Amino acid sequence: MKPKTLAQVTDFDLRLLRLFKVVSECGSFTAAESRLGITRSAISLHMSDLEKRLGMRLCQRGRAGFALTDEGREILRHSASLMAAVEDFRQQINQMHKQLRGELNIGIINNLVTQPRMQITQALEALREKGAEVRINISMLTAADIEQGLLDGRLHVGALPYTAPVSGLVYTPLYEEISCLYCSSTHPLFSQAHEADPAVLHRYEAIAPGYRLSAEAAALHRSLNCTATASDREGIAFLILTGRYIGFLPDHYAARWCELQQMRAIAPSRLRFGSQIAIVTRQGERRNAILQHFLAAAGAENEAATLS
């Protein structure tokens, strides 16, 4: 398409961008029909209008199927930031009228729901009780994606293990999460797991996480024979349960398998490390009423206690 300059963003553009978001989530025009309440041909016309307005091709459609172009993925990312800014403006206006309504976009790493200290769950419950018109949107993401979402404005708040600070973000500790080394019931170490000698663990295949680790956690992983990787804690659990690998998991997440005698901690008094679970926000950002209520309910409103 011929390059062009977008003079201004109109209400019509915002409507088209919201339609584009739904289409990308559904993966096709046909699948988006029921969610949008319009026909496939109407969706196609609206997508053509948006592409003409922006001067670029956003998606491929035809016999080969639906796929976003590189430009389409970039527009989708920028539009998410734009929608978040519009929503923030709406929340600020509602705050002026003493109304707690709007959205809270929160990014959380997986497998925190089994943590006994449920500050996040309790904070979400308190927020919902405070404002019946508050819409809570949770995204399960990696720590890096949560931090990026906060920096570009797509997320209001995040919850993740603290390893190293990213410039422009504020990390406030919630609680410490303990991780131990585990094997499954079919692993050779299972019968002697509690008394296993850490010096012989290099004989067994282990799992290296694909995400950032604290210095303490990284040192423990370097002492293992890591022959597999996993992008998140659920992936580590999958590999442990094969009976071929050992790996570190948070104790609260592994508890269900330990109770069923499907996993056991290996030398738990020695092979363990702690991670601070932190609430993360963007530094210097003006906090709307919804975010303030959530942080207060989670016990994370005091920036004087931030990690560095």
Side-chain angles (χ1 to χ4, degrees), residues 1 3-94 100-110 124 127-128 131-142 144-158 232 282 288 290-291 294:
M1 285 191 178
K4 62 182 294 186
T5 299
L6 183 63
Q8 62 180 353
V9 178
T10 66
D11 289 342
F12 182 59
D13 294 321
L14 294 177
R15 288 196 296 272
L16 292 179
L17 287 169
R18 291 189 180 98
L19 177 142
F20 175 44
K21 178 177 182 293
V22 171
V23 171
S24 66
E25 290 172 347
C26 293
S28 71
F29 290 1
T30 301
E33 283 183 307
S34 59
R35 278 187 59 183
L36 293 170
I38 57 177
T39 64
R40 182 174 53 183
S41 59
I43 294 173
S44 180
L45 288 173
H46 286 315
M47 283 298 303
S48 296
D49 286 339
L50 180 60
E51 289 176 331
K52 290 175 183 176
R53 286 283 296 163
L54 299 177
M56 60 186 69
R57 189 78 165 173
L58 301 179
C59 60
Q60 304 293 342
R61 55 266 200 191
R63 292 183 178 179
F66 176 90
L68 293 177
T69 63
D70 290 341
E71 292 84 358
R73 282 188 287 272
E74 192 72 6
I75 290 297
L76 195 63
R77 186 174 69 84
H78 289 313
S79 66
S81 298
L82 172 62
M83 297 305 175
V86 171
E87 176 60 26
D88 186 61
F89 174 77
R90 188 169 74 89
Q91 289 183 16
Q92 295 294 344
I93 297 302
N94 288 334
L100 193 61
R101 60 173 61 179
E103 295 186 342
L104 177 71
N105 299 326
I106 177 171
I108 305 177
I109 62 157
N110 66 348
L124 292 173
L127 180 62
R128 195 67 181 81
E133 296 187 51
V134 173
R135 181 183 178 89
I136 298 170
N137 303 312
I138 294 181
S139 298
M140 307 307 295
L141 303 167
T142 65
D145 286 339
I146 292 172
E147 289 165 334
Q148 185 57 52
L150 290 166
L151 289 172
D152 62 28
R154 288 179 290 116
L155 297 175
H156 298 116
V157 64
D232 56 27
R282 188 164 61 178
N288 59 51
I290 293 176
L291 181 55
F294 173 80

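None of these values were measured; they are calculated from a predicted model.
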Under 3.5 Å donor-acceptor, Ser44 side chain and Arg40 backbone:
no

Correct closest heavy-atom pair for Ile146 and Leu155 would be O-CD1, 3.7 Å

(request) Run the numbers on Leu14 and Arg18 for side-chain contact (heavy atoms from CB on, under 4.5 Å), then give the verdict. (result) CA-CA 6 Å; Leu14 294 177; Arg18 291 189 180 98; 3.7 Å; yes

Correct closest heavy-atom pair for Leu58 and Glu51 would be N-OE2, 2.9 Å

For Met83 and Leu17, the nearest pair of non-hydrogen atoms, with its separation, is CE-CB, 3.6 Å

Indicate yes or no: at least one non-hydrogen side-chain atom of Leu36 is less than 4.5 angstrom from one of Val23.
yes

(request) Please check if atom CZ in Arg73 has more than 12 non-hydrogen atoms from other residues, nucleotides or ligands closer than 6.0 Å. (result) yes

Worksheet item: Between the side chains of Thr39 and Ser41, does any donor sit under 3.5 Å from an acceptor?
Response: yes

The single option from Glu71, Lys21, Glu25 that satisfies side chain to side chain contact (heavy atoms under 4.5 Å, CB included) with Leu76 is Lys21

Heavy-atom nearest pair, Gly153 first then Arg282, reads N-NH1, 3.8 Å

Given Asp232 and Thr142, is the side-chain contact (heavy atoms from CB on, under 4.5 Å) satisfied, shown in steps?
CA-CA 8 Å; Asp232 56 27; Thr142 65; over 6 Å; no

- Any side-chain heavy-atom pair of Asn105 and Arg154 under 4.5 Å: no

ask   = Distance-only, no hydrogens or angles: does the Asp88 side chain make a donor-acceptor pair with backbone N or O of Ala85 under 3.5 Å?
value = no

Heavy-atom closest pair (Met140 atom, Ile109 atom, distance to 0.1 Å) is CE-O, 3.4 Å

Residues Glu87 and Gly102: closest non-hydrogen pair is OE2-CA, 3.2 Å

Worked check of side-chain contact (heavy atoms from CB on, under 4.5 Å) between Leu50 and His46 = CA-CA 6 Å; Leu50 180 60; His46 286 315; over 6 Å; no

Practice problem: State, with a plain yes or no, whether a side-chain heavy atom of Phe294 is found less than 4.5 Å away from one of His156. | Solution: no

Full working for side-chain contact (heavy atoms from CB on, under 4.5 Å) between Ile290 and Glu103:
CA-CA 8 Å; Ile290 293 176; Glu103 295 186 342; over 6 Å; no

